[in-house]
Structures are given as C-alpha cells and as structure tokens.
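So that the names make sense, note that chain A is the first sequence line, chain B the second, and so on, each numbered from 1.
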Protein chains: 2
Amino acid sequence: MNPSTANIEEAILSAILAGRIPPGTRLGEQKLADLFGVSRTRVREAMMRLETRGIVQVSARRGWFVVEPSADEAREAFQTRRVIETGLLQTVREVPPKVLASLKEHVAIERQAIETGDVSSRACLLGDFHIHLADALGNRLLTEIIRDLTARTTLISMLYQPTEKAEESSHDHEDIVAAMEAGDLAGAARLMDEHIGKVEAGLDLSAKPDPLASLRELLVPSTFSDVAPSMPHAHGAAAPHAHHHPSTKED
Amino acid sequence: MNPSTANIEEAILSAILAGRIPPGTRLGEQKLADLFGVSRTRVREAMMRLETRGIVQVSARRGWFVVEPSADEAREAFQTRRVIETGLLQTVREVPPKVLASLKEHVAIERQAIETGDVSSRACLLGDFHIHLADALGNRLLTEIIRDLTARTTLISMLYQPTEKAEESSHDHEDIVAAMEAGDLAGAARLMDEHIGKVEAGLDLSAKPDPLASLRELLVPSTFSDVAPSMPHAHGAAAPHAHHHPSTKED
DNA sequence: GCTCACAGGCTTGTATACAAGACCTGTAAG
DNA sequence: CTTACAGGTCTTGTATACAAGCCTGTGAGC
C-alpha cells in the first residue's frame with residue numbers, strides 16, 4: 001500500500017511518543033522517501049505538517065530535525081499542559097463509570113510494565129495516560145493538542161531528565177484516578193497540577209541544551225547505563241545517520 | 001518582497017479572525033499564487049499548514065475551502081476553549097499590574113468600537129481579547145493554540161449565530177477583568193466559563209449546516225452588515241441569478 | 001605542523017510539467 | 001419537458017528537474 005502523508009506523520013509521531021526517536025535526530029527527506037516507498041514530495045508534506053505541530057524543525061538546506069526544546073520552551077510546554085489538563089478536570093462535572101474503569105485499567109497496565117521492568121513500553125504508557133484522559137473526558141480536538149504536547153514533553157524528558165521516576169508517576173496517576181472516582185474533580189485537578197509540577201521539577205533545565213546528548217542516545221542501546229569503551233567501528237551505524245554532527249567528535 | 005509561506009498563512013488567518021473570510025470560501029491555489037506573486041508550491045505549503053491547524057480543508061481535486069465546522073465540531077471547539085481559558089485563569093497565581101492595564105485598555109477599545117458602530121473591527125476585537133489574555137498570562141504556545149481556536153469559533157459564529165451580542169460580550173470581558181483585578185482568579189474563571197457558555201448558547205446549532213450562508217455572505221457587501229438583525233430568510237429567493245457558480249471572483 | 005582556500009558531494013528549495021479527476025455545459029434522445 | 005450522456009475546462013495530485021547552499025575532505029602555501 002502507498003502510505004499517505006498522514007501515515008508518515010503518524011509513524012514518526014508515535015515513534016517519538018514511544019521514546020524511540022531522540023531529540024535532534026535528523027530526518028532526511030530522501031531516506032524517509034526510500035523507507036516509505038514514496039517520493040520526496042509526500043515526505044516533505046508530512047514534515048511540514050509535523051513542523052506546524054511543533055514536532056520537527058527544518059534547518060535550511062541541512063535537513064529536518066526532531067525538535068530539541070530549549071529550557072524556556074520546556075517551561076512553556078509544561079505550563080501549557082498544566083493549564084489544559086487541570087482545566088479539563090475542573091470543567092468536567094462527572095466522570096462516567098466506563099471512563100473510570102478504562103483509566104483504572106490503564107494504570108494497572110502501567111504498574112505491570114514497571115514491575116516487569118519493561119522499560120521500552122513504560123515511557124509510552126506514562127504519556128499515554130494523559131492522552132487517554134483527554135480522549136475520555138474531552139474531545140478529539142483536545143486529544144490532538146494533548147498528544148502533540150505529550151510528544152514535546154517526551155522529548156524534553158529525554159533531554160533534561162537525569163533520573164526516571166516511573167514508579168512515582170504511576171502512583172500519581174493512581175491518586176488522580178482515585179480522586180476522580182471519589183467525585184473530587186477539584187482535588188484531581190490539584191493532584192494533576194502537582195504531578196506535572198513534580199515531573200517538571202525533576203528536570204535539570206540548567207543542563208546544557210544539547211551538546212551531544214542525542215549522540216549518546218543513538219550510540220547507547222538505551223537500556224545499558226554504562227557505555228562500552230570506545231566502539232570499534234561505530235561508523236556504519238544503524239538507522240538514522242549520526243556521523244555528521246556539528247559538535248566536536250571528541251569528549 | 002517575496003512573501004514566504006508564513007506570510008500567506010498569516011494573511012489568511014488574520015483575515016478570518018477579522019471576519020473578512022466567511023466559512024466555505026474557496027481558496028484556489030493558482031488564484032492565491034497570482035495574488036501573492038509566488039508559485040503554487042508555496043501556496044500549497046501554506047494551505048497544508050493551515051489544514052493541520054484546522055483552518056482550511058482540501059476537497060480532492062476541487063480545491064481548498066475554509067472549514068465549515070459541523071454542530072459537533074462547534075461543540076468541541078467551545079469545550080476546548082472553555083477548558084483552556086478557565087484552566088489558564090485558575091493556574092495563574094497573580095496578575096501583574098501591567099497585564100491588567102493592558103487588558104483594561106483593550107476592553108475600552110472594544111466599547112469604543114461598539115459605541116461608534118464600527119462593525120468591521122468589533123468582531124475582531126472581541127476575539128482578540130481572548131488572544132491577548134492568553135498572551136499576557138500564558139506563553140507563546142498557548143497563544144498559538146488559542147488563536148487557532150478563536151479562528152475556528154469565529155467561523156462557527158458566522159455559520160450559526162443568528163444575532164450578535166457584541167455589547168454583552170464586551171460587558172463579560174469587563175467583568176472578567178474586574179474579577180482579575182480583585183484578585184479573584186477563581187471567580188474570573190467562572191465568569192469566563194459562563195461567558196463562553198453564553199456565546200455557545202447563543203448559537204443555533206440545529207440550523208442547517210451551510211446551504212447558502214456562504215453565498216449570501218459573498219453577495220452582501222459585508223460593510224452593510226448592520227442593515228438589520230434579521231436578514232430576509234426566505235429560502236428560495238435569496239440568490240436570483242446565482243446558479244451554481246462557485247467561483248464568481250472575476251474582478 | 002598549521003592554516004586557509006577550494007572543490008566535490010549531498011541536502012533541501014522551488015518551479016514546472018504532466019496526470020487524474022470533478023464539475024459544468026451543451027446536445028440529443030425519449 | 002425531462003433525462004442521460006459525452007466532451008471540455010478547470011482544479012488539484014504527484015513526480016521530477018534543476019538551482020542553491022552547507023559540510024567535508026583535500027591540498028597547497030607558509
């Protein structure tokens with residue numbers, strides 16, 4: 001089948017949400033075109049759409065790059081999420097039982113992923129909670145907005161988050177759902193505010209914007225914390241090219 | 001100067017916010033290309049960006065059209081605005097005096113436009129209030145979102161609003177600012193909720209989606225829109241010699 | 001050994017050509 | 001008088017060609 005631009009957009013966005021694409025990744029038009037079996041035109045369309053959604057950015061004649069939000073942009077993203085998500089909880093009058101059940105199930109899946117140590121899916125799940133919430137309590141429009149914002153905060157976490165606190169986040173989610181079940185929407189909103197605040201506070205926004213964090217991400221197989229000493233021939237590496245990076249090659 | 005795609009986007013969006021482009025308007029690629037003195041490629045880019053922002057829509061091989069939100073989409077847009085704008089007011093802790101002054105000034109300009117009967121600018125100003133609010137209390141990201149949403153609700157009003165209540169809206173704005181000045185952010189949020197609710201309630205969402213509303217808009221010279229609160233709503237006689245001519249722009 | 005200039009390759013930017021489809025219109029048959 | 005059909009025109013959809021710029025590697029000059 002011929003993938004449409006929407007397919008390409010979705011593929012990239014969901015890869016970002018799943019934490020598979022680090023910020024700063026270069027997305028070459030021709031590479032993507034070959035990969036998806038379409039012409040550059042389609043890829044370009046998808047890229048431009050993603051650019052208006054704040055997911056990628058074009059650097060003139062250099063290529064498309066997954067955004068690397070600055071500290072200020074990070075703060076903006078978190079403020080925006082706080083506004084929308086607390087606003088949503090406070091606007092809603094009652095939570096249908098079906099929604100409650102669905103959210104509880106989601107939290108259960110989260111905990112399971114954490115307990116089994118399924119690192120690859122847990123980041124995705126933690127973000128998904130918020131998307132599910134918007135979908136269940138809000139509408140399509142709101143869900144889309146939250147989804148894009150979640151992609152952004154996912155990238156931000158990859159850039160600035162020194163330690164992951166997956167368990168704590170999942171507990172927060174649980175508390176929020178509990179407050180909703182008790183009919184205390186205002187309390188749920190407060191908890192949500194605190195939750196997002198906690199995540200934001202857990203970032204190190206004074207850290208260097210992005211000197212070689214993305215390079216490291218690409219070279220490290222993600223679950224391994226300790227880097228193997230100088231790789232023999234990391235030259236012809238995996239999927240996205242990483243070898244021409246503006247920064248210095250030595251550390 | 002060669003207008004970039006951003007210029008084209010901005011030109012169209014601001015025209016919509018000002019109420020100069022009614023919903024359902026066809027935007028031909030070639031026409032716009034000639035108008036802006038660029039090639040179709042650029043126009044197409046701008047259109048696709050506007051499409052991802054929910055402002056226009058493409059109908060395959062027929063052209064680009066300014067969106068005509070359905071009743072459901074209208075409700076979604078209003079719910080989203082309610083969520084975000086009340087959320088913003090409740091998230092903010094204090095309002096800087098400068099912001100307060102700026103908002104008061106804006107309301108004053110609104111009232112003036114209403115008193116002098118400046119119909120063309122008052123619709124723009126009423127929407128601008130919300131954008132200014134987001135800009136002053138929030139951040140760039142939030143402002144962008146609110147801007148796009150305001151464009152949408154502006155179009156919705158053109159489709160479904162039987163009577164304009166500019167004066168009432170302006171009063172609402174005044175009350176909201178007053179509550180903010182009194183430091184009662186929660187109260188301001190409640191007033192905002194009621195305000196948006198009032199606007200939404202003032203719509204006739206059971207009305208026909210758009211049989212010939214757009215045609216009527218095009219035929220009426222628009223500056224004469226203060227002719228009467230009630231247009232001749234006789235269904236058959238509205239367009240005497242306007243057979244199916246979608247592109248009547250031969251100026 | 002170091003610096004600087006330049007050329008080559010690779011990437012996006014932009015325009016244009018052509019293909020495919022939708023709508024309109026005029027014509028002819030019933 | 002109504003309806004069906006066919007041709008023409010206008011529109012977007014898509015690919016491709018070429019222009020322009022960035023990055024890198026090389027080699028000469030000092």
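Taking CZ from A:Arg42 and CG from A:Leu32, the interatomic distance works out to 14.0 Å, rounded to the nearest 0.5 Å. For the atom pair A:Thr143 OG1 and A:Asp148 CG, the distance stands at 11.0 Å (nearest 0.5 Å).
Salt bridge A:Glu10/A:Arg147: present, at least one basic N to carboxylate O contact under 4.0 Å. Comment: A:Asp72 engages A:Arg75 in a salt bridge, judged by a side-chain N to carboxylate O separation of less than 4.0 angstrom.
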(message) Treating primed atoms plus P, OP1 and OP2 as sugar-phosphate and everything else as base, which nucleotides of nucleotides 12-21 of chain C get B, S or - for protein heavy atoms under 4.0 Å?
(response) BBBBB---BS
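The number of heavy-atom neighbours closer than 6.0 Å to CD of A:Glu51, taken from other residues, nucleotides and ligands shown, is above 12.
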